[in-house]
Amino acid sequence: MATPTLRQLEYLATVVDTGSFTRAAEQLHVTQPALSHQIRALEGALGGPLLERLPRSVRLTPMGRAVLPHARAALAEAERLQAAARRSAGLEEGELEVAVVYSVSLGILPPVLREWRRRHPGVRIRLREYPHTEALREAMAAGRADLAIGPAPSGWEGPIRELGVEEFTVVLPADDPLADRPAGTVALAELADRDWVHYAPDNGLADLLDQVCARAGFHPRAAIRAEQTSAAPLLAAAGLGPALVPANIVPAHFEGALLRPDPPILRTLTAYTRTRPDPLTVAFADLLARQARLGPGVSDRSAGSGPGGGTRA
């Protein structure tokens, strides 16, 4: 059995409203034979006559009277759907799904979301957080979000927009012997004999810490492994060991000491989509590019010099 179309339901409602096939055809800007054909097709799809053709008017059959309210409801719902799409295209209403790695949701994203809310209060943001860059990439490829924010994904075929360079800082207790260095920097090799605040294996920052320490000639021993990125600077400030964290996740007036690794450790963050983005996604990406504060980060809180060439993570 064929499925009734919205056009056929519109034709039925218009015939009933005008009381005439002729007037309905004029209002719908179709020929009367075409209108009659569509009504017959609708009756065939539903399994019985909907209209009784009288000499000067039309009359609904019992089946027609049962069907008409549902036809009007379907047409009204279709109109609401179209209106929602128009409002979304105009950035008035809608929902945007954003996927991020943990550190992004802690650092650069909150002020962006605050500004988005101020500008587009009718557009809801659904946030999905992932511990690892590869988990983020896989979720995005599977269609679980409209936009992903994180390190550049390898082998990604969709559009990628570079947001800027994220700088990392080493966190130590405020009373650590290295905390008062005038230069505000530390070579990771100087911390080789310490136990570190490490990350859980499924957190992408665990891989990053292992990689940069390996380049410095050692493997970091874990005093504790943090599941949540936000816990690492607090644990380091409490004296459990040094931690390597994105500078932008450290809150203002933080009680621990922040030292810039020498050479600096840098990571490029991007926003990426699967296909050509819709107007909502474009608007969010534009705001993200303008509002995201990625660096210099450490230099805002310490007396160190600029990042120079740095080590790309």
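Heads up: numbering here begins at 1 and tracks the sequence.
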Report the distance from atom [atom1] of [X] to atom [atom2] of [Y], rounding to the nearest 0.5 Å.
{"X": "His132", "Y": "Leu205", "atom1": "NE2", "atom2": "CG", "result": "9.0 Å"}
{"X": "Asp202", "Y": "Glu227", "atom1": "CG", "atom2": "CD", "result": "6.0 Å"}
{"X": "Ile265", "Y": "Leu244", "atom1": "CD1", "atom2": "CG", "result": "4.5 Å"}
{"X": "Arg23", "Y": "Thr14", "atom1": "CZ", "atom2": "OG1", "result": "12.5 Å"}
{"X": "Thr133", "Y": "Asp207", "atom1": "OG1", "atom2": "CG", "result": "8.5 Å"}
{"X": "Phe168", "Y": "Leu209", "atom1": "CZ", "atom2": "CG", "result": "10.0 Å"}

If you draw a 6.0 Å radius around [atom1] in [X], do more than 12 non-hydrogen atoms from other residues or ligands fall strictly inside?
{"X": "Glu115", "atom1": "CD", "answer": "yes"}
{"X": "Arg276", "atom1": "CZ", "answer": "no"}
{"X": "Arg65", "atom1": "CZ", "answer": "yes"}
{"X": "Arg117", "atom1": "CZ", "answer": "no"}
{"X": "Arg59", "atom1": "CZ", "answer": "no"}

Original post:
Which is it for Leu50 and Ile39 under the side chain to side chain contact (heavy atoms under 4.5 Å, CB included) test, yes or no, and what are the steps along the way?
Top reply: CA-CA 8 Å; Leu50 302 173; Ile39 293 295; 5.7 Å; no
Whether [X] side chain and [Y] backbone form a donor-acceptor pair below 3.5 Å:
{"X": "Asp262", "Y": "Ala187", "result": "no"}
{"X": "Thr185", "Y": "Pro261", "result": "no"}
{"X": "Arg124", "Y": "Glu95", "result": "no"}
{"X": "Arg128", "Y": "Ala145", "result": "no"}

Shortest non-hydrogen contact from [X] toward [Y]:
{"X": "Thr18", "Y": "Gln27", "result": "CG2-OE1, 3.5 Å"}
{"X": "Pro173", "Y": "Gly239", "result": "CG-CA, 3.6 Å"}
{"X": "Ala247", "Y": "Thr169", "result": "CA-CG2, 3.9 Å"}
{"X": "Pro121", "Y": "Arg118", "result": "CD-O, 4.0 Å"}
{"X": "Ala271", "Y": "Leu147", "result": "CB-CD1, 3.9 Å"}
{"X": "Leu280", "Y": "Trp116", "result": "O-CH2, 3.9 Å"}

Original post:
Can a salt bridge be assigned to the pair Asp176 and Arg194 using a cut-off of 4.0 Å between side-chain N and carboxylate O?
Top reply: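 A salt bridge is present here (some side-chain N lies under 4.0 Å from a carboxylate O).
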Original post:
Is Arg40 salt-bridged to Glu43, going by a charged N under 4.0 Å from an acidic O?
Top reply: no
Subject >> Residue pair Leu75, Leu6: steps toward the side chain to side chain contact (heavy atoms under 4.5 Å, CB included) verdict >> reply: CA-CA 7 Å; Leu75 292 169; Leu6 285 173; 4.3 Å; yes
Are [X] and [Y] side-chain neighbours, meaning at least one heavy-atom pair lies under 4.5 Å?
{"X": "Val16", "Y": "Val58", "answer": "no"}
{"X": "Phe284", "Y": "Val112", "answer": "yes"}
{"X": "Val170", "Y": "Leu178", "answer": "no"}
{"X": "Met140", "Y": "Arg274", "answer": "yes"}
{"X": "Phe218", "Y": "Leu188", "answer": "yes"}
{"X": "Asp17", "Y": "Arg72", "answer": "yes"}
{"X": "Val98", "Y": "Ile149", "answer": "yes"}

Original post:
Which residues pass the side chain to side chain contact (heavy atoms under 4.5 Å, CB included) test with Ala174, sequence neighbours left out?
Top reply: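 By the side chain to side chain contact (heavy atoms under 4.5 Å, CB included) rule, Ala174 matches no residue at all.
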Original post:
Could you walk me through whether Tyr199 and Val245 pass the side chain to side chain contact (heavy atoms under 4.5 Å, CB included) check?
Top reply: CA-CA 10 Å; Tyr199 296 93; Val245 303; 3.2 Å; yes
**OP:** Sequence neighbours left out, what passes ring pair (Phe, Tyr, Trp, His ring centres under 6.0 Å) with Tyr130? Give chain and number order.
**Re:** none
Original post:
Are side-chain N/O atoms of Thr281 and Asp278 paired as donor and acceptor at under 3.5 Å?
Top reply: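 Note: Thr281 and Asp278 side chains meet the donor-acceptor criterion.
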Listing, residues 101-109 side-chain donor-acceptor contacts under 3.5 Å, not counting sequence neighbours, or none:
unit_1 : atom_1 : unit_2 : atom_2 : d
Ser103 : OG     : Arg267 : NH2    : 3.1
Ser105 : OG     : Tyr102 : O      : 2.7
Ser105 : OG     : Glu129 : OE2    : 2.5

Subject >> Residue list, side-chain hydrogen bond (donor to acceptor under 3.5 Å, both in side chains) with Arg114, at least two apart or on another chain >> reply: none
Original post:
Linking Ile, Leu, Val, Met, Phe, Trp and Tyr through side-chain heavy atoms less than 4.5 Å apart, which residues share a cluster with Leu240?
Top reply: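 Members other than Leu240 - counting any ILVMFWY side chain reachable under 4.5 Å - are Val197, Ile224, Leu235.
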Scan the side chains in residues 151-162 for donor-acceptor partners under 3.5 Å anywhere in the protein, sequence neighbours excluded, and list what turns up.
unit_1 : atom_1 : unit_2 : atom_2 : d
Trp156 : NE1    : Thr273 : O      : 2.9
Arg161 : NH1    : Asp286 : OD1    : 2.5
Arg161 : NH2    : Asp286 : OD1    : 3.3

Original post:
With under 30° as parallel and over 60° as perpendicular, where do the rings of His219 and His198 fit, or are they tilted in between?
Top reply: tilted
Original post:
In the single-linkage hydrophobic clustering (I, L, V, M, F, W, Y; side-chain heavy atoms under 4.5 Å), do Leu96 and Val282 co-cluster?
Top reply: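 No, Leu96 does not connect to Val282 through the hydrophobic network.
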